[in-house]
Amino acid sequence: MDKTEKFTEFIQAIRTRVGTVVVGQDQVVERLLIALFTSGHILLQGMPGLAKTLLVNALGKAIHLDFSRIQFTVDLLPSDILGSEILDQSTATFTTRKGPVFTNLLLADEINRAAPKVQGALLEAMQERKVTLGDETYRLPVPFLVIATQNPIEQSGTFELPEAQLDRFMLCHRLNYPAVDEEEEILRRNLKLGVQKEGRGAVANTEFDIVPEEPVGDAEDLNDIIDAVHRIHISEVFIKHVVELVGRTRVHPHIELGGSPRAGISLIKGARARALIHGRDYAIPDDLFALAEDVLLHRLRLNYEALAEGLTSADVLDEILKEMG
Amino acid sequence: MKIPLFFVAAIITAAPQVQAVNETRASPVGLYSQIFDLILPGSALEPKPIQQDTEIIVRITATRPHGSSFRYDLSYCGLEAGDFNLCNYLQRKDGTTTDGLPTLPVRFDGTLPVDRLRPNQPAPGQLPKVGGYRTLLIAAGIIWGLCPLVLLLLNRKKNPQGNTGPLQPQTLADRLYPLLQAARDGTLDTTGQAELERSLLGFWRERLDLHCESPATALAKIRKHKDAAMLLEQFERWLHHPNPQSPVDLNTLLDPYRSAIENTHDKD
């Protein structure tokens with residue numbers, strides 16, 4: 001079997017597995033896989049109740065990866081994420097207690113609810129992939145993917161991530177409500193969840209209870225895919241397209257802050273992973289246009305004139321993309 | 001008996017005024033002092049015109065005839081500390097000399113030591129404004145009115161004669177045609193190839209009427225169109241594939257676009 005076919009089969013198996021518990025959300029699954037295959041991080045923006053946690057849980061189990069979830073709150077401390085040194089009174093020595101960041105898949109739920117120093121601690125760990133506790137520096141497990149979420153509506157009592165920190169997320173995907181038929185299917189599946197009995201008690205099953213435990217692949221398969229993504233061919237013409245697109249965001253009259261070189265790098269990395277997911281060994285403009293919104297939108301800041309005209313970053317980016325092709 | 005007593009009294013009261021001429025009168029710098037009924041011999045007197053460096057300002061507040069002389073009420077103010085003769089600051093109205101005048105010593109006491117501080121030179125006066133507020137408003141109005149005219153003339157000068165009409169934006173076909181020709185001739189560089197690919201995507205968006213769709217959605221729909229999908233896939237193989245499996249015949253690949261553009265031009 002051709003290697004590309006093998007990878008396509010593995011990716012399809014992951015998608016099918018996730019699909020058994022999460023209805024629809026194909027695009028989110030694809031974005032999560034892109035982030036995972038490129039060692040990037042992803043920020044999910046969407047309302048509560050869109051199965052973000054379930055999705056990450058199912059993905060982690062499908063590839064046999066460790067999964068942790070942190071609910072960000074205003075009183076969270078950096079040590080609650082990174083870990084700390086605890087004094088063992090019996091031996092009078094300090095022992096290290098590693099925090100939930102030491103995992104493969106970390107779901108940082110409602111990241112904008114924590115104080116900036118906590119956000120900063122996580123974002124630093126994301127970039128450096130190592131954490132210092134006391135005098136020791138520990139490397140984070142490989143692979144390491146942070147999936148952060150934030151609610152775009154409730155803004156009171158939140159600390160908005162500044163542009164420099166948003167730039168560290170390779171992708172920012174906006175989750176939408178499921179389509180009508182998908183929502184009907186969600187309800188139908190929920191009706192079939194059933195009840196689990198334990199001892200003398202019984203409790204209604206949740207979707208988390210039906211996530212299959214056996215993986216469809218292991219870390220070795222994932223390593224092969226990460227390696228394969230790095231071998232996806234990027235033509236000179238594709239690089240020209242990326243530079244053209246990022247450059248247009250910098251000179252657009254409605255944009256105050258355009259895409260950084262990191263945005264261009266993310267576009268190339270994302271396009272490589274998407275090409276592999278779609279069974280190609282080279283990137284094409286479809287990959288660029290498909291990922292442009294998720295890579296660029298959170299990196300753009302509109303100027304006062306655009307805001308006064310009631311424009312949004314999405315409107316301006318759409319205009320730029322339409323002008324391009 | 002009463003009359004001689006009256007004269008004696010009058011002589012006694014008049015005597016200090018005559019003596020007061022030679023008596024030094026002291027006053028502080030900057031404050032006005034006055035002398036009443038001062039009899040000075042000779043024709044009528046007036047203050048000398050004030051110079052920039054004058055030490056005393058003298059004013060004659062009243063002049064009355066007194067036999068062959070005149071009796072004066074004076075008001076004066078010292079601007080500098082020191083001893084001065086007040087008569088040096090008077091002159092005859094008829095222009096004759098003031099040699100016959102007595103010495104009229106005055107002293108001005110300053111708070112600061114002498115020569116410690118001298119008054120500033122007065123600032124030179126400004127020339128009066130030409131016209132005034134009304135003239136200024138009229139001039140501003142004229143300039144305001146002329147501005148558009150000047151801008152219009154400048155703009156006309158920039159445009160070469162005979163090319164004053166608005167510039168026609170290049171159509172997609174106008175942009176695409178030279179790129180296709182260059183690709184066929186093999187002279188298209190990487191930047192041109194990228195531009196050609198974007199223009200071809202634009203071509204299909206226009207042809208399949210997908211203007212309102214987002215580029216990602218439009219591309220997905222183009223992929224479903226049989227001809228477009230085939231041509232674009234071949235084109236992508238030429239530009240993006242690391243090792244194209246079959247040699248790309250550019251003429252065959254680009255001819256459909258060229259003929260479509262030429263048909264559009266013929267219709268125009």
Side-chain angles (χ1 to χ4, degrees), chain A residues 4 26-27 30-31 173-174 176 228 230-248 267-268 270-272 274-276 278-297 312-325, chain B residues 169-172 175-176 179 182-183 188-225 228-246 248 250 253 257:
Chain A
T4 313
D26 283 344
Q27 215 178 45
E30 186 186 283
R31 299 300 189 264
H173 185 73
R174 285 128 196 103
N176 294 317
H230 277 84
R231 289 199 303 270
I232 295 290
H233 178 70
I234 296 289
S235 65
E236 281 299 312
V237 173
F238 191 85
I239 291 173
K240 294 273 178 200
H241 288 322
V242 171
V243 172
E244 176 75 19
L245 174 59
V246 177
R248 282 183 187 222
L267 275 171
I268 297 267
R272 275 179 146 177
R274 191 177 181 274
L276 185 81
H278 286 262
R280 276 181 274 109
D281 59 351
Y282 58 97
I284 55 172
D286 297 43
D287 303 319
L288 179 70
F289 287 114
L291 292 174
E293 190 176 309
D294 286 358
V295 173
L296 286 170
L297 214 51
T312 62
S313 301
D315 297 331
V316 177
L317 184 63
D318 193 52
E319 184 193 322
I320 291 172
L321 291 171
K322 279 180 179 167
E323 279 171 8
M324 265 192 74
Chain B
Q170 269 198 323
T171 62
L172 183 66
R175 282 188 284 133
L176 199 51
L179 290 170
L188 202 60
D189 59 358
T190 323
T191 311
Q193 287 172 353
E195 203 181 329
L196 175 61
E197 187 174 36
R198 292 197 297 268
S199 302
L200 289 184
L201 292 177
F203 172 85
W204 283 113
R205 275 168 65 92
E206 204 171 280
R207 173 159 277 214
L208 302 180
D209 198 20
L210 299 168
H211 303 284
C212 300
E213 303 285 356
S214 73
T217 317
L219 256 175
K221 288 188 177 175
I222 292 169
R223 295 276 170 209
K224 287 176 186 165
H225 188 271
M230 192 190 69
L231 283 168
L232 279 181
E233 198 178 322
Q234 284 181 357
F235 197 74
E236 280 162 5
R237 282 193 167 275
W238 173 47
L239 291 182
H240 299 291
H241 201 282
N243 307 301
Q245 285 161 355
S246 56
V248 175
L250 275 180
L253 184 61
Y257 298 109

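Protein chains get the first letters and strands the later ones, always in sequence-line order, with residue 1 at the start of each.
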[atom1]-[atom2] distance between [X] and [Y], expressed to the nearest 0.5 angstrom:
| X | Y | atom1 | atom2 | result |
| --- | --- | --- | --- | --- |
| L201(B) | H241(A) | CG | NE2 | 7.0 Å |
| R205(B) | K322(A) | CZ | NZ | 6.0 Å |
| E236(B) | F238(A) | CD | CZ | 10.5 Å |
| S235(A) | E197(B) | OG | CD | 7.5 Å |

**Asked** Of the non-hydrogen atoms in H233(A) and H241(B), which two are nearest, and what is the gap between them?
**Response**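 The answer is CD2-C, 4.1 Å.
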
**Prompt:** Between M324(A) and R198(B), what is the shortest heavy-atom contact and its length?
**Reply:**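 The pair with the smallest heavy-atom distance is O-CB, 2.9 Å.
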
**Asked** Within residues 214-223 of chain B, which positions have a heavy-atom distance to chain A below 4.5 Å?
**Response**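 Residues S214(B), P215(B), A216(B), L219(B), R223(B) are the ones that qualify, each having a heavy atom under 4.5 Å from chain A.
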
**Request:** Check whether A283(A) gets within reach of chain B through its side chain, its backbone, both or neither, counting any heavy atom under 4.5 Å.
**Result:**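 It is the backbone, since no side chain atom gets that close.
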
**Region of E244(A) that comes under 4.5 Å of a non-hydrogen atom in chain B** =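 For E244(A), side-chain heavy atoms alone lie under 4.5 Å from chain B.
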
**Asked** Quick one: does P285(A)'s side chain get under 4.5 Å of H240(B)'s, heavy atoms only?
**Response**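 Yes. Closest side-chain heavy atoms under 4.5 Å.
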
